[in-house]
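Numbers restart at 1 for each chain; the letters A, B, ... are given by sequence-line order, proteins then strands.
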Number of protein chains: 2
Amino acid sequence: MPLPQTEMPGRLQALFSERGIRMTQQRRAILQVMETATKHLDAAHLLRKAKRLDPSVDRSTVYRTLQLLKRHGLIDELDLMHIHGEGHYYERKLNRDHIHMACLRCGKIMEFVSDIFDKLKGQVEKDCRFRIVVSRLEIGGYCASCSK
Amino acid sequence: MPLPQTEMPGRLQALFSERGIRMTQQRRAILQVMETATKHLDAAHLLRKAKRLDPSVDRSTVYRTLQLLKRHGLIDELDLMHIHGEGHYYERKLNRDHIHMACLRCGKIMEFVSDIFDKLKGQVEKDCRFRIVVSRLEIGGYCASCSK
DNA sequence: TTCGAGATGCGACTGATTTGCAACTGAATC
DNA sequence: GATTCAGTTGCAAATCAGTCGCATCTCGAA
Ligand SMILES: [Mn+2]
Ligand SMILES: [Mn+2]
Ligand SMILES: [Zn+2]
Ligand SMILES: [Zn+2]
């Protein structure tokens, strides 16, 4: 289930004005890219794609906007097992969290939704009296094809 | 359950010779530190502590040894929600995996062992036919004291 | 002991992210 | 529509984490 399009376009922009966050040309481009991305983007990819919509977008604006989106809980940050370098990957946060699996051999990234995962988070909230804001389960290993 | 001392001292060294990995003064110091650490260490802290045991230890040797330990599955790498900067944290891998929770307000790190977590990993292995080598569940949120 | 593969320190380097600052701009107000 | 200014931007430089090349050293097998 690769980044399902369960969101209406312009949703991020809508959330921005709901929260009284100022909209700018550059942010519009960046949000557009995040919203329509079909895979996990790192800052450099995000910049390249945003520049296509608005060539004035600068690297630092991308980073600043990523921070903003993180602070507002609108995106998730991933390591994806650092299969390519030390950077981070980002994805639009949807209603339901999912797990990420990265194949250490072929580099494929898989996603997985699980009731047990939700249950586990429930357990943490209850047993540890911990109010969860963001959660990240990343698994490294070997995919079906690479396992044999 | 903060980094339980369920391992006998010198265990990492023993594992090194079992696997025919060469032992050096510097590695001895680094392993010693990893083994006796009572909290999650980043590379800089690890270096400082290792230097106390063997002042000749260099930063690059610390990084190289961390890579070695990772490759052999003897340590886990953590982000701890990047509460302090972009660097990584390391801890000795014990028999049983645990979850990490980081309080976004007070910065406290908590650990939690859960059967449901083990079950979840079983589900991933079975349903996704994915052979898990390493897994990392990190949660950000508010601890009991900071929640009120 | 000898000896070579492998490990080390050092310093330079890369890649990722952040920052200070002067100039600009969105959107609220008139 | 013009005015206003707090918030945002691009740019260049800085910082931070991690890596690398290479000459030198050292572990440990023979
Ligand atoms: Mn990371
Ligand atoms: Mn831990
Ligand atoms: Zn694979
Ligand atoms: Zn707290």
Side-chain angles (χ1 to χ4, degrees), chain A residues 12-33 40-72 75 77-90, chain B residues 12-33 40-48 50-72 75-90:
Chain A
L12 278 177
Q13 278 197 51
L15 285 167
F16 263 46
S17 48
E18 267 176 43
R19 299 176 193 214
I21 305 170
R22 182 182 297 195
M23 184 52 53
T24 65
Q25 274 220 20
Q26 294 84 346
R27 285 182 179 171
R28 222 180 322 267
I30 294 167
L31 298 192
Q32 179 76 234
V33 172
H40 307 94
L41 296 174
D42 60 21
H45 276 69
L46 178 50
L47 172 62
R48 233 171 300 141
K49 291 190 158 230
K51 260 187 189 307
R52 257 175 246 150
L53 300 180
D54 175 352
S56 82
V57 177
D58 184 73
R59 194 159 36 96
S60 60
T61 300
V62 166
Y63 280 109
R64 291 193 269 236
T65 304
L66 284 172
Q67 281 191 124
L68 184 66
L69 287 162
K70 262 194 284 177
R71 237 184 299 125
H72 284 264
I75 58 171
E77 188 178 58
L78 302 168
D79 272 10
L80 299 182
M81 286 297 141
H82 289 306
I83 282 189
H84 313 287
E86 294 292 310
H88 290 118
Y89 296 86
Y90 301 90
Chain B
L12 278 177
Q13 278 196 50
L15 284 168
F16 263 46
S17 48
E18 266 176 43
R19 299 177 192 213
I21 305 170
R22 182 183 296 196
M23 184 51 53
T24 65
Q25 275 219 21
Q26 294 84 346
R27 285 181 180 173
R28 221 179 325 266
I30 294 167
L31 298 192
Q32 179 77 234
V33 172
H40 307 95
L41 296 174
D42 60 21
H45 276 69
L46 178 49
L47 172 61
R48 236 173 297 141
K51 261 187 188 308
R52 258 176 244 151
L53 301 179
D54 175 352
S56 82
V57 177
D58 184 74
R59 192 163 41 100
S60 60
T61 301
V62 165
Y63 280 110
R64 289 193 270 237
T65 305
L66 283 172
Q67 282 190 125
L68 185 65
L69 286 162
K70 263 193 284 178
R71 238 183 299 124
H72 284 264
I75 58 171
D76 273 328
E77 188 178 59
L78 302 169
D79 272 9
L80 299 182
M81 286 297 142
H82 289 305
I83 282 191
H84 313 288
E86 293 294 307
H88 289 120
Y89 295 86
Y90 301 90

Next item on the list: Round to the nearest Å and state the distance from B:Arg19 atom CZ to C:dG6 atom P.
Entry: 18 Å
Item checked: Donor-acceptor pair under 3.5 Å, A:Arg27 side chain vs C:dG26 base -> no
Check: Using a cut-off of 4.0 Å on non-hydrogen atoms, how would the nucleic acid contact of A:Gly85 be classed: base, sugar-phosphate, or nothing?
Finding: nothing
Next item on the list: Verify the contact: side-chain N or O of B:Tyr63 to OP1 or OP2 of D:dG18, cut-off strictly under 4.0 Å; return yes or no.
Entry: yes
Notebook entry, point to check: Atom CG of B:Leu66 and atom P of C:dA7: how far apart are they, to the nearest Å?
Noted result: 15 Å
Next item on the list: Quickly work out the B:His82 NE2 to C:dT18 C1' distance and round it to whole Å.
Entry: 14 Å
Margin query: Without decimals, in angstroms, what is the distance between A:Arg48 CZ and C:dG15 P?
Written below: 13 Å
Notebook entry, point to check: Any N or O donor-acceptor pair linking the side chain of A:Arg59 to the base of C:dT17 at under 3.5 Å?
Noted result: yes
Check: Are A:Arg27 and A:Arg22 close enough that some pair of their side-chain heavy atoms sits under 4.5 Å apart?
Finding: yes
Next item on the list: Evaluate the side-chain proximity of B:Leu69 to B:Phe16: yes if any heavy-atom separation is below 4.5 Å, no if none is.
Entry: yes
Checklist line | Side-chain donor/acceptor contact of B:Arg22 with base of D:dG28 under 3.5 Å | finding: no
Check: Nearest nucleotide by nearest heavy atom, which residue falls closer to the 5' end of DNA chain D, B:Arg28 or B:Tyr90?
Finding: B:Tyr90
Check: Hey, which of A:Thr65, A:Thr24, A:Ile30 is the one that makes side-chain contact (heavy atoms from CB on, under 4.5 Å) with A:Val57?
Finding: A:Ile30
Check: B:His88 side chain N/O closer than 4.0 Å to the phosphate oxygens (OP1, OP2) of D:dA17?
Finding: no
Note to self: Please report the distance, rounded to the nearest Å, between CG in A:Leu78 and P in C:dA16.
What the structure shows: 16 Å
Note to self: Which heavy atom of B:Asp42 sits nearest to which heavy atom of B:Tyr89, and what is that distance?
What the structure shows: N-CD2, 3.9 Å
Margin query: Please tell me if A:Gln26 has a side-chain N or O lying less than 4.0 Å from either OP1 or OP2 of D:dG10.
Written below: yes
Notebook entry, point to check: Could you give the CG-to-P distance, from A:Asp58 to D:dA13, as a whole number of Å?
Noted result: 14 Å
Next item on the list: Considering just the side-chain nitrogens and oxygens of B:Thr61, establish if one lies under 4.0 Å of OP1 or OP2 belonging to C:dA7.
Entry: no
Item checked: Distance test, side-chain N/O of B:Ser60 to OP1/OP2 of D:dG18, below 4.0 Å -> no
Note to self: Tell me the interatomic distance from A:Arg64, atom CZ, to C:dA16, atom P, rounded to whole angstroms.
What the structure shows: 19 Å
Note to self: side-chain hydrogen bond (donor to acceptor under 3.5 Å, both in side chains) for A:Asp79 and A:His88? Distances and angles first, verdict last.
What the structure shows: CA-CA 5 Å; A:Asp79 272 10; A:His88 290 118; 3.2 Å; yes
Check: Do the side-chain N or O atoms of B:Gln67 get closer than 4.0 angstrom to the phosphate oxygens (OP1, OP2) of D:dT19?
Finding: yes
Next item on the list: Tell me whether the OP1 or OP2 atom of C:dT25 has a side-chain N or O from A:Gln25 closer than 4.0 Å.
Entry: no
Next item on the list: Using whole Å, report how far CG of A:Leu31 lies from C1' of C:dG26.
Entry: 15 Å
